[in-house]
2 protein chains.
Amino acid sequence: MSQVVIDAIDRKILKYLITNARMPFLEIARKCGISGAAIHQRIKKLDESGVILGSRLVVDPKMLGFDVCAYIGIRLQDVSILMQTVDRLKQIPEIVECHFITGTYNLFVKLYCVDNEHLMTTLCDRILAIPGISTTQTYISLNEAFQRQIYVDCLHD
Amino acid sequence: MSQVVIDAIDRKILKYLITNARMPFLEIARKCGISGAAIHQRIKKLDESGVILGSRLVVDPKMLGFDVCAYIGIRLQDVSILMQTVDRLKQIPEIVECHFITGTYNLFVKLYCVDNEHLMTTLCDRILAIPGISTTQTYISLNEAFQRQIYVDCLHD
DNA sequence: TCTGAAACGATTGAACA
DNA sequence: TGTTCAATCGTTTCAGA
């Protein structure tokens, strides 16, 4: 996949915004030692080049009443229907993540439900209703120990 | 887990910010038909009550050079070291998510690596170096079909 | 819980080094 | 790429309903 040239200042900008998407550009500017307008221009470039995909508020699912988080591995009868299956999965709002994977399953999804009953109806009435699914395995997350973003500094320093 | 009373306006505010954490409060105010000050007060309340955990810039891992995304299921020899193991996993920057789960594994992590070699060294030199790990299984994500946030409207309307 | 007003700070675009 | 400047717009707080 195409890459983009990102220098130390870009990485610093990303690092700040990855932990707080609403950090004022002027505050970043002060920390980076350049002007606010320069930060603005760099962020615009990062945005246009596709490095920045967007920003999100992070909410606590449990506080909103979603007490159950689960991962489901999905095995298809026939890999040719992979894309159609993804489209069907996308229509299920409880599913927040969907991956193509190697190994025992073809697809792997993450979802949030209100309770176990909600998980069961989502699995049985919505997911298993999709034609071509051979088997599934559900892994219930008892607790999310942590969740964070990529550590940009892992890269070429 | 404790829940909080959230009305339709709160849900509308969250809905906007979940897809764009930098949306100006005044714009939300216009869409909700109340003043900017009221939006500010509501967001402050949602923040203080723990519904809002923070905000994040979403970056494309591939654009930053992280070509490999994987999930690893981890089985421990002894569940009593669960918390210590989480602490050790937290120190590995490549790991972005860590769950306690039911089933075949005790822990389940998501990580990003630069390439397969990086994945292998992270697994062998860092993860398997943690004492008490019995077995692991790695699922490589060939592609993330989609990733999004909880759909707030799943709830009580 | 809302509003409007006022003060302050941030964003954005243009012109230029 | 960077800078400064100026206009516009957003944020935040407070008093009061």
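Below, chain A is the first sequence line, B the second, and so on; all start at residue 1.
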Q | Overall bend - the helix from C/dT1-D/dA17 to C/dA17-D/dT1, comparing terminal axes fitted on five pairs, nearest 10 degrees | A | 30°
Q. Rounded to the nearest Å, what distance is computed from the CG atom of residue B/Asp47 to the C1' atom of nucleotide D/dT11?
A. 15 Å
Q: Check the distance between C/dT1's C1' and B/Ile9's CD1 and give it to me in whole angstrom.
A: 10 Å
Q. Expressed in angstrom and rounded to an integer, what is the separation of B/Ile34 atom CD1 from D/dT12 atom C1'?
A. 15 Å
Q. Do A/Asp7 and A/Arg42 sit within salt-bridge range, that is, some charged N less than 4.0 Å from a carboxylate O?
A. yes
Q: Could you check whether the rings of B/Tyr112 and B/Phe66 sit parallel, tilted or perpendicular, using 30° and 60° as the cut-offs?
A: perpendicular
Q) For the pair made of CD1 in A/Ile6 and C1' in D/dT1, what is the distance, rounded to whole Å? A) 16 Å
Q) What orientation do B/His40 and B/Phe25 show, parallel under 30°, tilted 30 to 60°, or perpendicular over 60°? A) tilted
Q.
Just the rounded figure in Å: distance from C1' of D/dT11 to CD1 of B/Ile43.
A. 11 Å
Q. With the threshold set at 4.0 Å, does a side-chain nitrogen-carboxylate oxygen contact exist between B/Arg22 and B/Glu27?
A. no
Q: Could you tell me whether the phosphate oxygens of D/dG2, OP1 or OP2, come under 4.0 Å of any side-chain nitrogen or oxygen in A/Ser35?
A: no
(Q) When you compare the side chains of B/His99 and A/Gln147, does any donor N or O come within less than 3.5 Å of an acceptor on the partner? (A) no
Q.
Does the protein touch nucleotides 6-17 of chain C at the base, only the backbone, or not at all? Give it as B, S and - per nucleotide, heavy atoms under 4.0 Å.
A. ----BBBB----
Q) What class does the angle between the rings of B/Tyr139 and B/Tyr105 fall in, given that below 30° is parallel, 30 to 60° is tilted and above 60° is perpendicular? A) perpendicular
Q: Identify whether the distance between the nearest side-chain nitrogen and carboxylate oxygen of B/Lys62 and B/Glu144 falls below 4.0 Å.
A: no
Q. Residues in side chain to side chain donor-acceptor pair (under 3.5 Å) with A/Lys12, at least two apart?
A. none
Q: Please report, rounded to the nearest Å, how far the C1' atom of D/dG2 is from the CD1 atom of A/Ile13.
A: 12 Å
